[in-house]
Engineer: 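I am attaching a structure below and will ask some questions about it afterwards.
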Amino acid sequence: VGGKFESLSVWISCVLPMPSMEDLQRIQDMCLADDVPIPDEALGWSEAEAVTYFESGGSDIPAKKSDAPAFDGTLRWVVNISLWDPSEAEWNLLLGVLPLQDSEKTSKFH
């Protein structure tokens, strides 16, 4: 996520586009995994899958999309909190996309 919300490092793997090679290299650097190769198929992974791959030292390879289970309605958010300092507007934007019950639960963290 960039532009106006550049400080916001949230990826919703089922909604946002696949990472570019530049994104994969950034994730590799963030995970201190310069010894882990970036396979060609990584361009088809979500950013969350790439983080998992690099954090595992390359041993946790995401399933091929055809082998992946059907979408169960669960979205996972990956937030790099070391770089994330949301403004009030960014926080409200995120809370606004959640169901009210989840928004109220999440509000206790801000």
Side-chain angles (χ1 to χ4, degrees):
V1 178
K4 182 177 178 184
F5 299 104
E6 190 167 49
S7 67
L8 184 61
S9 298
V10 175
W11 302 286
I12 304 174
S13 63
C14 296
V15 177
L16 296 180
M18 302 300 175
S20 66
M21 185 56 74
E22 182 179 290
D23 293 329
L24 290 166
Q25 290 168 338
R26 177 182 47 77
I27 294 167
Q28 182 186 42
D29 290 343
M30 180 181 75
C31 295
L32 304 174
D34 59 330
D35 59 327
V36 179
I38 301 174
D40 292 336
E41 63 268 18
L43 290 170
W45 298 344
S46 68
E47 291 199 32
E49 290 171 324
V51 169
T52 299
Y53 169 76
F54 288 119
E55 286 182 345
S56 74
S59 64
D60 191 350
I61 300 171
K64 292 181 180 176
K65 297 303 178 195
S66 60
D67 298 338
F71 177 61
D72 66 0
T74 302
L75 295 178
R76 291 195 170 94
W77 293 28
V78 177
V79 180
N80 181 346
I81 61 171
S82 68
L83 302 174
W84 190 44
D85 184 21
S87 68
E88 196 66 31
E90 290 171 325
W91 190 253
N92 289 333
L93 174 70
L94 285 175
L95 291 177
V97 299
L98 296 175
L100 182 58
Q101 181 180 2
D102 293 337
S103 178
E104 290 171 352
K105 289 178 187 176
T106 306
S107 293
K108 70 181 181 181
F109 297 105
H110 181 65

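The figures here come from the full heavy-atom set of this structure, side chains too, leaving out hydrogens, waters and symmetry mates. Just so you know, these numbers come straight off a predicted model, no measurement behind them.
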Engineer: Using the side-chain hydrogen bond (donor to acceptor under 3.5 Å, both in side chains) criterion, which residues pair with D23? Sequence neighbours excluded.
Structural biologist: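 Counting only residues at least two positions away or on another chain, D23 forms a side-chain hydrogen bond (donor to acceptor under 3.5 Å, both in side chains) with S20.
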Engineer: Holding to side chain to side chain contact (heavy atoms under 4.5 Å, CB included), I want the full list of residues that pass it with E104, two or more places apart in sequence or in another chain.
Structural biologist: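 Only L100 meet the side chain to side chain contact (heavy atoms under 4.5 Å, CB included) criterion with E104.
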Engineer: Is there a side-chain contact between Y53 and I38 in this structure, where contact means two heavy atoms from C-beta onward sitting under 4.5 Å apart?
Structural biologist: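 They are not in side-chain contact.
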Engineer: Tell me whether D35 at atom CG has more than 12 heavy atoms from other residues, nucleotides or ligands lying less than 6.0 Å away.
Structural biologist: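 Yes - once you tally the heavy atoms of other residues, nucleotides and ligands closer than 6.0 Å, there are more than 12.
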Engineer: At what distance, to the nearest 0.5 angstrom, does CD of E41 lie from CD of E49?
Structural biologist: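 So the CD of E41 and the CD of E49 are separated by 11.5 Å.
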Engineer: Going only through I, L, V, M, F, W and Y residues with side-chain contacts under 4.5 Å, is there a path from M30 to L32?
Structural biologist: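 Different clusters: M30 never reaches L32 through Ile, Leu, Val, Met, Phe, Trp or Tyr contacts under 4.5 Å.
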Engineer: side-chain contact (heavy atoms from CB on, under 4.5 Å), that's the test. Do I61 and W45 meet it? Break it down for me.
Structural biologist: CA-CA 10 Å; I61 300 171; W45 298 344; 4.2 Å; yes
Engineer: Do you know which two heavy atoms are closest between P19 and L24, and how far apart they sit?
Structural biologist: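 Looking at all heavy atoms of both residues, the shortest contact is CG-CD2, 3.9 Å.
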Engineer: Mark yes or no for whether E55, through its side chain, and C31, through its backbone, hold a donor-acceptor pair below 3.5 Å.
Structural biologist: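 No.
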